[in-house]
Amino acid sequence: DVQLQASGGGLVRAGGSLRLSCAASGFTFDDHSIGWFRQAPGMERELVSCISSSDGRTSYSDSVKGRFTSSSDNAKTTVYLQMNNLKPEDTAVYYCAADLGGWCYSGRAYYSMLAYWGHGTLVTVSS
């Protein structure tokens, strides 16, 4: 069975840091692009970072660029999201998702078609 297990969320004060983990199993890790999404109440789902299997590059949304860093450990088939200098507006449920190929660059319309989604982990940033 395919599993994406997101963990590491919690409550943190503004300016603090958290590291999220997304443990993947049941599919060929190296062939899949893996992204971190977030969704706050009443807001659209946002792709905050994506590691592309097609070119090995990591992309970030403008809202997190310079504060968040995504990395992968292929041996552990785990993707991480290091979040620094957190702001109250970062409060959301964070999800990881995966699919074959370079979907990181495919745009919002493609996100609902991604093959694999993990359960979310809640990040709450207090002011």
Side-chain angles (χ1 to χ4, degrees):
D1 290 350
V2 170
Q3 287 193 341
L4 290 171
Q5 297 270 15
S7 62
L11 173 63
V12 64
R13 289 188 176 183
S17 298
L18 283 173
R19 189 177 81 155
L20 305 184
S21 299
C22 174
S25 61
F27 60 88
T28 305
F29 188 78
D30 292 351
D31 293 344
H32 287 68
S33 296
I34 299 181
W36 284 100
F37 290 82
R38 68 184 182 186
Q39 189 163 22
M43 304 291 286
E44 288 191 354
R45 183 171 49 194
E46 177 188 14
L47 176 65
V48 297
S49 73
C50 196
I51 299 178
S52 175
S53 64
S54 62
D55 60 11
R57 298 179 68 178
T58 304
S59 55
Y60 299 94
S61 66
D62 288 343
S63 60
V64 306
K65 200 171 294 183
R67 299 187 297 121
F68 290 12
T69 303
S70 188
S71 60
S72 67
D73 184 332
N74 287 11
K76 295 182 179 180
T77 63
T78 298
V79 174
Y80 303 98
L81 184 67
Q82 178 66 43
M83 307 185 295
N84 297 328
N85 190 21
L86 283 160
K87 303 176 181 181
E89 52 263 43
D90 294 319
T91 295
V93 178
Y94 285 70
Y95 303 86
C96 52
D99 206 338
L100 286 166
W103 63 264
C104 296
Y105 311 115
S106 297
R108 184 182 300 275
Y110 192 82
Y111 300 158
S112 61
M113 297 185 286
L114 294 176
Y116 309 125
W117 286 87
H119 295 293
T121 185
L122 176 63
V123 172
T124 304
V125 184
S126 64
S127 56

Asks: Have Ser17 and Asn84 got a donor and an acceptor in their side chains that come within less than 3.5 Å?
Replies: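 Their side chains do contain a donor-acceptor pair, which is all the 3.5 Å distance test asks for.
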
Asks: side-chain contact (heavy atoms from CB on, under 4.5 Å) between His32 and Tyr116: does it pass, once the steps are laid out?
Replies: CA-CA 10 Å; His32 287 68; Tyr116 309 125; 3.7 Å; yes

Asks: Going from CG on Leu20 to SG on Cys96, what distance comes out if it is rounded to the nearest 0.5 angstrom?
Replies: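 If we round to the nearest 0.5 Å, Leu20:CG and Cys96:SG are 9.0 Å apart.
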
Asks: How many angstroms lie between CD in Gln82 and OG1 in Thr69, if you round to the nearest 0.5 Å?
Replies: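 It comes to 7.0 Å.
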
Asks: Rounded to the nearest 0.5 Å, what's the gap from CZ on Arg57 to SG on Cys50? Could you check?
Replies: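 With rounding to 0.5 Å, CZ (Arg57) is 12.5 Å from SG (Cys50).
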
Asks: Provide the closest heavy-atom pair for Val125 versus Arg13 in the form atom of the first, atom of the second, distance.
Replies: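 Shortest heavy-atom separation between Val125 and Arg13 comes out as CG1-C, 4.0 Å.
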
Asks: Assigning hydrophobic clusters by single linkage (Ile, Leu, Val, Met, Phe, Trp, Tyr; side-chain heavy-atom cutoff under 4.5 Å), is Tyr111 placed with Leu4?
Replies: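 Looking at the clustering, Leu4 is in a separate group from Tyr111.
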
Asks: With a 3.5 Å distance limit and no angle check, can you tell me whether Thr77 reaches the backbone of Asn74 through a side-chain donor-acceptor pair?
Replies: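 No; judged by distance alone, with no hydrogens or angles, the pair does not exist.
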
Asks: Would you name the heavy atoms of Leu47 and Cys104 that are closest together and state the gap between them?
Replies: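 Result for this residue pair: CD2-O, 4.2 Å.
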
Asks: Under the 3.5 angstrom rule, does the side chain of Ser70 hit a backbone N or O of Tyr80 as a donor-acceptor pair?
Replies: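 Yes, Ser70 side chain to Tyr80 backbone: donor-acceptor pair under 3.5 Å.
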
Asks: Determine the minimum heavy-atom distance between Thr78 and Ser21, stating which atoms define it.
Replies: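 Heavy atoms of Thr78 and Ser21 come nearest at CG2-CB, 4.2 Å.
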
Asks: Would you give the length of the straight line joining atom OG of Ser53 to atom CG of Asp30, rounded to the nearest 0.5 angstrom?
Replies: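 If we round to the nearest 0.5 Å, Ser53:OG and Asp30:CG are 9.0 Å apart.
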
Asks: Trp103 vs Phe37 aromatic rings, parallel, tilted or perpendicular, using cut-offs 30° and 60°?
Replies: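 Parallel: the ring planes of Trp103 and Phe37 meet at under 30°.
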
Asks: Salt-bridge test for Asp62 and Lys65: reply yes if a basic N is under 4.0 Å from a carboxylate O, no otherwise.
Replies: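 Between Lys65 and Asp62 there is a salt bridge, with a charged N closer than 4.0 Å to a carboxylate O.
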
Asks: Testing the 3.5 Å rule here: is there a donor-acceptor pair between the side chains of Tyr105 and Asp55?
Replies: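 Yes.
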
Asks: Any chance the side chains of Ser63 and Glu46 put a donor and an acceptor closer than 3.5 Å?
Replies: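 Looking only at side-chain atoms, Glu46 and Ser63 do form a donor-acceptor pair, the distance falling under 3.5 Å.
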
Asks: When rounded to the nearest 0.5 angstrom, what is the spacing between CZ in Phe27 and CG in Asp1?
Replies: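 Answer rounded to 0.5 Å: 12.5 Å.
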
Asks: Could you measure the distance from the OG1 atom of Thr28 to the CG atom of Leu100? Nearest 0.5 Å is fine.
Replies: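 If I round to the nearest 0.5 Å, the distance is 8.0 Å.
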
Asks: Is it the case that more than 12 heavy atoms not belonging to Met43 sit under 6.0 Å from its CE atom?
Replies: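 Count not over threshold, so no.
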
Asks: Answer yes or no for Arg38 and Tyr94: cation-pi contact, defined as NZ/CZ to six-membered ring centre under 6.0 Å and angle to ring axis within 45°.
Replies: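 So Arg38 doesn't make the cation-pi contact.
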
